[in-house]
**Q** 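Let me begin by handing over the structure; questions about it come next.
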2 protein chains.
Amino acid sequence: MLPDIYELVDTMLKEERQQTILSEVELHNRILLTDIAETLDVSIDTIRRDVKELDAENKLRKVHGGAVSLGFTMNSTRNQNIYKLEEKNKIAEKALTLLKPGSVIFIDGGTTCSELARLIPQNLDITCFTHSLPVASELLTKPNVNVIIVGGQVSSESQTTIGANAIHNLSEIKVDYSFIGTGYVDSFYGLTEFDWDIVQVKKAVIKCSKKTVLLSISEKLNSQHRYKTCDINAINTMITELDPENELLNSFRNHDIRIL
Amino acid sequence: MLPDIYELVDTMLKEERQQTILSEVELHNRILLTDIAETLDVSIDTIRRDVKELDAENKLRKVHGGAVSLGFTMNSTRNQNIYKLEEKNKIAEKALTLLKPGSVIFIDGGTTCSELARLIPQNLDITCFTHSLPVASELLTKPNVNVIIVGGQVSSESQTTIGANAIHNLSEIKVDYSFIGTGYVDSFYGLTEFDWDIVQVKKAVIKCSKKTVLLSISEKLNSQHRYKTCDINAINTMITELDPENELLNSFRNHDIRIL
DNA sequence: TAGAATCATGCAAATATAGGCAAGGATTGG
DNA sequence: CCAATCCTTGCCTATATTTGCATGATTCTA
């Protein structure tokens, strides 16, 4: 707890008290309102009001029963210029309609999936696995989302975990929906990638999902590459920014895919 | 007219009075209007008006019931940076000397550890485990660092993975050095934390390390909290921003700890 | 799901503030 | 020297802020 030095002061200005609170939060990352109240010898209400003010001033973050330092949660790097952001936004919006309270989902890496993570409503109560650092960071801003990161070696390129460990960890979970992106998609060749490691992880993701949802901008339709993730049938729902009736999607209709 | 001798003695010029107020504020960082009024034997209104003027001249800051020095409130703008960044930087620099090419290490969460991650040289070839998202992000900028993130549920407060899964994952690795922070440290009570979950993870980290290095700013010395991570003996090396010979570290010398 | 802890809200007492006012003293111009 | 004026100061009153307590609502936890 706090050193007893502070107790010597019997009349404290509000300003001083708030500075003390700030220092304690910065120092220990987190404090209890009750601790501070006891140490500074004021009522819990006063501390609560102080912390509320400091929170409003963005000096710290108030949490139930205490306060945490901002330095911790300072999570800035939001990339402003994502390629085709508008389209990806549209896709993410459609994907959101699939989410129900209590769902357990997996979200893949990539900008489209990050966009989905960003748009998840604050009050939606879900459990979300991911192997993407940016997605995890984004989800951490949602108080009602339970975030679980799939451990493993981190690929600096994709900012996602890959490799045997990640795949093994995925083998031990089962999610309702997985939302995945892909490098290339074609109605005949299925989902393909440039990178072999990424393919292995995506295979594991699909295997651990009851339903797999593909998020892809229409620009990727009818393209292919070296390594295959899965047949197109492995996808249960496919979301593009296009209207579901758009003729560009025709070649995907014969398969058992729901198109949104 | 009567001689004004007496009045001259206890009549203070406005200028003089304001100077006194200023010195008092500088000396004590804060003053109460009532205190000053009593000391200088003028009405509270006069002092209030003085302080108001001084505030307008930016000589101090007036607050409800008193005034605080400008330097005192300067702290409020520090939120841009990390609290005590300079000290943490110094600590990180010292920690760096322990790293050798080929090392396998673990880096904990927290701002001090993030600072260490930031300062790892580009060309240093190491394998680094972490359960902290910010640390992982930082390390990803180093091409020669192999980053492995310990999977598990992510705590939004600390931006680290916690819980049974993270602990289990830690149980399956062994690292040469772990660099850990702590909320509170005391030579008698050892390392303690506010948060029970964090303690469990730190215990697991210590268990999977051949050597454990504690990074802590001196401000945390001789503080304690509710949950215990480990005895002070569990620490092999302790790094603060202080000179190793500093007397503040005396109480840690009887233990088998290397102090840097 | 129940009990405990924490929270938001309203209230009242104590204290602090702002602004008006008047009594000096100081200053200035004749 | 006098008088008009300004500045400073203390006092007063209406208003605002701060704080602790009581209350019921909400959230957390086991």
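Protein chains get the first letters and strands the later ones, always in sequence-line order, with residue 1 at the start of each.
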**Q** Between A:K14 and C:dA16, is there a side-chain N or O to OP1/OP2 distance below 4.0 Å?
**A**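 Negative; the distance criterion is not met.
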
**Q** Let me know the distance between CZ of B:R48 and P of C:dT17, rounded to the nearest Å.
**A**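 In whole Å, C:dT17 P lies 4 Å from B:R48 CZ.
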
**Q** Rounded to whole Å, please give me the gap between CG in B:D45 and C1' in C:dA16.
**A**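 Atom CG in B:D45 sits about 11 Å away from atom C1' in C:dA16.
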
**Q** Please give me the minimum heavy-atom distance between B:S223 and A:H28, naming the atom from each residue.
**A**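 Of all heavy-atom pairs spanning B:S223 and A:H28, the closest is OG-NE2, 3.7 Å.
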
**Q** Pairs under 3.5 angstrom only: tabulate donor-acceptor contacts from the side chains of residues 196-207 of chain B to other protein residues two or more places apart or in another chain.
**A**
residue: B:Q200; atom: NE2; partner: B:W196; partner atom: O; Å: 3.4
residue: B:K202; atom: NZ; partner: B:D108; partner atom: OD2; Å: 2.5
residue: B:K202; atom: NZ; partner: B:G181; partner atom: O; Å: 3.1

**Q** What is the separation between atom CG on A:L32 and atom P on C:dC7, rounded to the nearest whole Å?
**A**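 Computing the A:L32:CG to C:dC7:P distance gives 10 Å.
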
**Q** Would you kindly compare B:H64 and B:V42 by the position of their nearest DNA chain D nucleotide and give the one closer to the 5′ end?
**A**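 So the residue in question is B:V42.
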
**Q** More than 12 foreign heavy atoms under 6.0 Å from CD of B:E86: is that the case here?
**A**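 Counting neighbours around CD of B:E86, 12 or fewer heavy atoms of other residues, nucleotides or ligands fall under 6.0 Å, so no.
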
**Q** Can you sort out the partners of B:F252 under ring-ring contact (aromatic ring centres under 6.0 Å, His included), two or more places apart, ordered by chain and number?
**A**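 Residues passing ring-ring contact (aromatic ring centres under 6.0 Å, His included) with B:F252: none at all.
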
**Q** Between P on C:dG19 and CD1 on B:I44, what's the gap in Å once rounded to a whole number?
**A**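 One finds 17 Å between P of C:dG19 and CD1 of B:I44, rounded.
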
**Q** Tell me, which pairs form a ring pair (Phe, Tyr, Trp, His ring centres under 6.0 Å) where one or both residues lie in residues 92-125 of chain A, sequence neighbours left out?
**A**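 Found A:F106-A:H131.
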
**Q** Rounded to whole angstrom units, what separation is found between the CD1 atom of A:I47 and the C1' atom of C:dA5?
**A**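 That distance rounds to 17 Å.
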
**Q** Quick one: side-chain contact (heavy atoms from CB on, under 4.5 Å) partners of A:S114, sequence neighbours excluded?
**A**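 By the side-chain contact (heavy atoms from CB on, under 4.5 Å) rule, A:S114 matches A:P134, A:V135.
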
**Q** Are more than 12 heavy atoms from other residues, nucleotides or ligands located less than 6.0 Å from atom NZ of A:K90?
**A**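 Not more than 12 within 6.0 Å, no.
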
**Q** Grab the CZ-C1' distance between A:R49 and C:dG10 for me, whole Å please.
**A**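 Rounded to the whole Å, the gap is 11 Å.
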
**Q** Within the structure shown, what part of the strands sits under 4.0 Å from A:V63 by heavy-atom distance: base, sugar-phosphate, or nothing?
**A**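 Sugar-phosphate: the residue A:V63, judged by heavy atoms under 4.0 Å, touches backbone atoms but no base.
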
**Q** What contact category does B:L33 fall into here, base, sugar-phosphate, or nothing, at under 4.0 angstrom with non-hydrogen atoms?
**A**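 Sugar-phosphate: the residue B:L33, judged by heavy atoms under 4.0 Å, touches backbone atoms but no base.
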
**Q** Taking atom NZ as the centre, does B:K211 end up with more than 12 heavy-atom neighbours from other residues, nucleotides or ligands that are less than 6.0 angstrom away?
**A**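 No, not enclosed.
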
**Q** Can you tell me how far C1' of C:dT6 sits from NZ of A:K52, to the nearest Å?
**A**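 So the NZ-C1' distance, A:K52 to C:dT6, works out to 12 Å.
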
**Q** Taking five pairs at each end, how big is the angle between the two axes of the helix from C:dT1-D:dA30 to C:dG30-D:dC1, to 10°?
**A**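 Angle reported: 50°, given to the nearest ten degrees.
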
**Q** Would you mind telling me which residue lines up with the more 5' stretch of DNA chain C, A:G66 or B:G66, judged by nearest nucleotide?
**A**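 The 5'-side residue here is A:G66.
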
**Q** Rounded to whole Å, how long is the line connecting atom CD of B:E38 with atom P of C:dT15?
**A**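 After rounding, the gap between these two atoms is 14 Å.
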
**Q** Run the salt-bridge test on B:R30 and A:E15 with the 4.0 Å N-O cut-off and return the result as yes or no.
**A**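 Salt bridge between B:R30 and A:E15, a charged N being under 4.0 Å from a carboxylate O: no.
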
**Q** Going 5' to 3' on DNA chain D, which nucleotide is the first and which the last to come under 4.0 Å of a heavy atom in chain A?
**A**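 In short, chain A contacts DNA chain D from D:dT18 to D:dC28.
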
